[in-house]
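In the text below, chain A, chain B and the rest are named by the order of the sequence lines, each starting its count at 1.
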Amino acid sequence: MLDKIGIAKRIAREVRDGYYVNLGIGIPTLVANYIPHGMNVVLQSENGLLGIGPFPLEGEEDPDLINAGKQTITTLPGSAFFDSAMSFGMIRSGKVDLTILGAMEVSENGDIANWKIPGKMVKGMGGAMDLVAAAKNIIVAMQHVNKAGESKLLHACSLPLTGKKCVKKIVTELAVLDVLPEGGFKLLERAPGISVEEIVKATAGKLIITGDIPEMVID
Amino acid sequence: MLDKIGIAKRIAREVRDGYYVNLGIGIPTLVANYIPHGMNVVLQSENGLLGIGPFPLEGEEDPDLINAGKQTITTLPGSAFFDSAMSFGMIRSGKVDLTILGAMEVSENGDIANWKIPGKMVKGMGGAMDLVAAAKNIIVAMQHVNKAGESKLLHACSLPLTGKKCVKKIVTELAVLDVLPEGGFKLLERAPGISVEEIVKATAGKLIITGDIPEMVID
Amino acid sequence: MNKIVANADEAIRGIEDGMTLMVGGFGLCGIPENCIAALIRKGVKSLTCISNNAGVDDFGLGLLLQARLIKKMISSYVGENAEFERQMLSGELEVELIPQGTLATRCLAAGYGMPAVFTPAGVGTEVAEGKEVRVFNGKEYLLEYAFDAPFAIVKAWKGDAHGNLVFHETARNFNPLMAMAGKITIAEVEELVPVGSLDPDHIHTPGIYVHRIFQGERYEKRIEQRTVRKPS
Amino acid sequence: MNKIVANADEAIRGIEDGMTLMVGGFGLCGIPENCIAALIRKGVKSLTCISNNAGVDDFGLGLLLQARLIKKMISSYVGENAEFERQMLSGELEVELIPQGTLATRCLAAGYGMPAVFTPAGVGTEVAEGKEVRVFNGKEYLLEYAFDAPFAIVKAWKGDAHGNLVFHETARNFNPLMAMAGKITIAEVEELVPVGSLDPDHIHTPGIYVHRIFQGERYEKRIEQRTVRKPS
């Protein structure tokens, strides 16, 4: 079973040289730490920056320089600032190659729910609906089951949707799965030490298993 | 009867302090020379400039700095450059207070034709269709009659239209006229030495004359 | 052109009870601190605020909420704000949530004279309820309308008497967009510079979109999530 | 990111006969002189060029026309160009005229992922023929579609290996818009500068929109209408 860092490491292997990537809050943010050295990747922050650098050193925080999670950040050489319309413009026009974000639920046809739980205080969708509706490649980083032990990979989402038919790939603590265009979670890899049976048990939606399922490589 | 400079001078009196103004090619360009000193007016060039200055001195021409008529220009302090989308954005959203342009024909309901003569080589509408469709106040500077002696103020335009119901005011060598929202050219002023009868004769469209028509003041 | 006003109190004249205001900023970054304080001093009530976020309890738009001056928030994310939550749950405060890119694009539409725009954000979700859906090239889009607000309040880094504005880093965010979208746009700047000293190639918001400008005082520029790394 | 290519000939690889190209510039101002020369050397035929203007007889896109490489021009104003006129009247050259603001906005739409936009330009004229008209707030608008072109060729003042671009004065014009609209965008710059030397606050076109970049040679930057005033 993977911890959060393991999930982030596995997702980092999906990143390709030359990619522009938008990382959501939480596990996705960790992915930045595991992108292979020498690979040219530019991180986009939807509040108006291409070229996110590491967090600043203590005393070097700049209140005018934050990421979409409102955290203080730095920039890398070659970065560019722009307004929010251009930021979502480049997302909507498919210039951002990959979006990695968390989810509460994903359905077997690629629907995603990650912004609202009825009866609980709703903070808002922020940029999530724009990202999932527009990004050309979306990977979800999440736990396979929720705290109550229920699967988050469902036949249909029970929570209000963030977007329809948009998730392409899911990486959880148990497995890597593709969401097939025709519907269904296709099991690609098992986490180290996890059996196919455990994944079957943790997956409520349609799971497609073909042939041997290799154990994932994360380092 | 006014010459071109007289028309430009009379139109300059329509400009108000604080206006942003777009000037078309020809007589409208001359208007800039007669805006009263001390009046704060910013000229917009639709190829991406606010703050057009005078033509450059010989030897100071800058190939990167031209107006919409492709002439070399200069800028004034406080000028700003922008792209063509923002340029037409500010026109379309009504931020440009006044547009002054020439015309081949204007109809009594405010239609304007100034881009195409069937059978002749068509150069294109450039920004004229955007300007007439979007500007909140349009003044036409033109000759009252064409070279064949025919009126250019018509019941309906005979040439292909540039825009519908958009002209608010017309200044010719003979007169100043408002185009009424309900239709008709309302005669406001006569050019020096021109009689109402001469204007009636030169106007083919519906002309509205109420009370005494004063002679225009241009200096 | 001289659009300089003396201070924030003069800048917000004409803003009355019940009006809709566009307010620039993302989180606490690039927010018009001086104008927010002036609105509280003036005590204008029942405001509708269009702003990506709603501040925190004791800073930003949260100060207007504490003073109970806001009737409705139109935002993409309202964050962690106890007073906001209390007012919302008690029904005192109305909240309309809009996807962030839709919010930005509806501002752009207003500034560029486009009455409506198409965006895929929210298709198939509750955001789409009651909205027109249209298919282009096999993909569904929602029709979203341009904002139409009497006032916009923005914060810039530098500005001049013509109203030309330059923003700094990610404090740009929604500010240039809201500046374009207000019928009357008020800009507060950290530094008011002489006309002619801003490079005309590097003006983010041309003065034609700005109606009043002043140099703000004592910017706190509070950091919402101070995050640092260890020296390596 | 290193998007630098050696020269114009390498930059235009993949441009084939019959393709549609977006070409930046207004008049002869801000045009990609080196790429135009390379297209002539390569001799790609039957091009459709989307460009605000069509150059003059012996400069700019006029050179492509002279070489008979253009099948169709999509422009707002084609200006004074005898060879253009001859080809058009003889039926060799197809011309589609588009209002200038519509041209700009259709580029913006492509770059911002908006499939279509509404504009009042051309309502009630022959430009409106066959187009959808829609009324918003009592005013008529035409529905105009985003451009969809495989290549855009633009000219900038400065640029870096990431593809970040800065334009100079009115040579900006359509260049940043077309840069956003191309599937593959080629930028030629007067000066290629080291990564990190452009101020991130003042980049007009972020590198994400640019795929190939090179420093052009021997810019002529011809002036179309040299106009001067007398010393006073």
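- Contacts between C:N164 and chain B at a heavy-atom distance below 4.5 Å involve the side chain alone, from C-beta outward.
- With a 4.5 angstrom heavy-atom cutoff, C:L198 does not touch chain B via any of its atoms.
- Distance OG/B:S79 to CG/C:D199: 9.0 Å, rounded to 0.5 Å.
- In this structure, the portion of C:H204 lying under 4.5 Å from any heavy atom of chain B is its backbone and not its side chain.
- For a residue to count as touching a neighbouring chain, one of its non-hydrogen atoms must lie under 4.5 Å from one of that chain's; by this rule C:A110 touches chain B with the backbone only.
- Shortest non-hydrogen contact noted between B:A80 and C:I203 is CB-CD1, 3.8 Å.
- When the shell of 6.0 Å around NZ of B:K165 is examined, it contains 12 or fewer heavy atoms from other residues, nucleotides or ligands.
- The contact between B:M86 and chain C is made by backbone and side chain atoms together, counting heavy-atom distances below 4.5 Å.
- The number of heavy atoms from other shown groups lying within 6.0 Å of NZ (C:K221) is above 12.
- Atom CD of C:E220 has more than 12 neighbouring heavy atoms from other residues, nucleotides or ligands inside a 6.0 Å radius.
- Looking at every heavy atom in both residues, C:Y209 comes nearest to B:S93 through CE2-OG, 4.2 Å.
- Annotation: the span from C:H162 atom NE2 to B:N40 atom CG amounts to 7.0 Å, rounded to 0.5 Å.
- Scanning both residues, B:M90 and C:P206, for their nearest heavy atoms gives CE-CG, 4.1 Å.
- C:K131 NZ: more than 12 foreign heavy atoms inside a 6.0 Å radius.
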Report the C-alpha distance between B:Y20 and C:M1 in whole Å, list the side-chain angles of each, state the deciding distance to 0.1 Å, and finish with yes or no for side chain to side chain contact (heavy atoms under 4.5 Å, CB included).
CA-CA 10 Å; B:Y20 290 89; C:M1 298 283 173; 4.1 Å; yes

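- If you measure heavy-atom distances from B:V41 to chain C, the contacts under 4.5 Å come from the backbone alone.
- Shown here for B:K95 and C:K183, the closest heavy-atom pair between the two residues is NZ-O, 4.1 Å.
- With a 4.5 angstrom heavy-atom cutoff, C:K3 touches chain B only via side-chain atoms.
- Here B:D97 contributes atom CG and C:I208 contributes atom CD1; the two are 7.0 Å apart, rounded to the nearest 0.5 Å.
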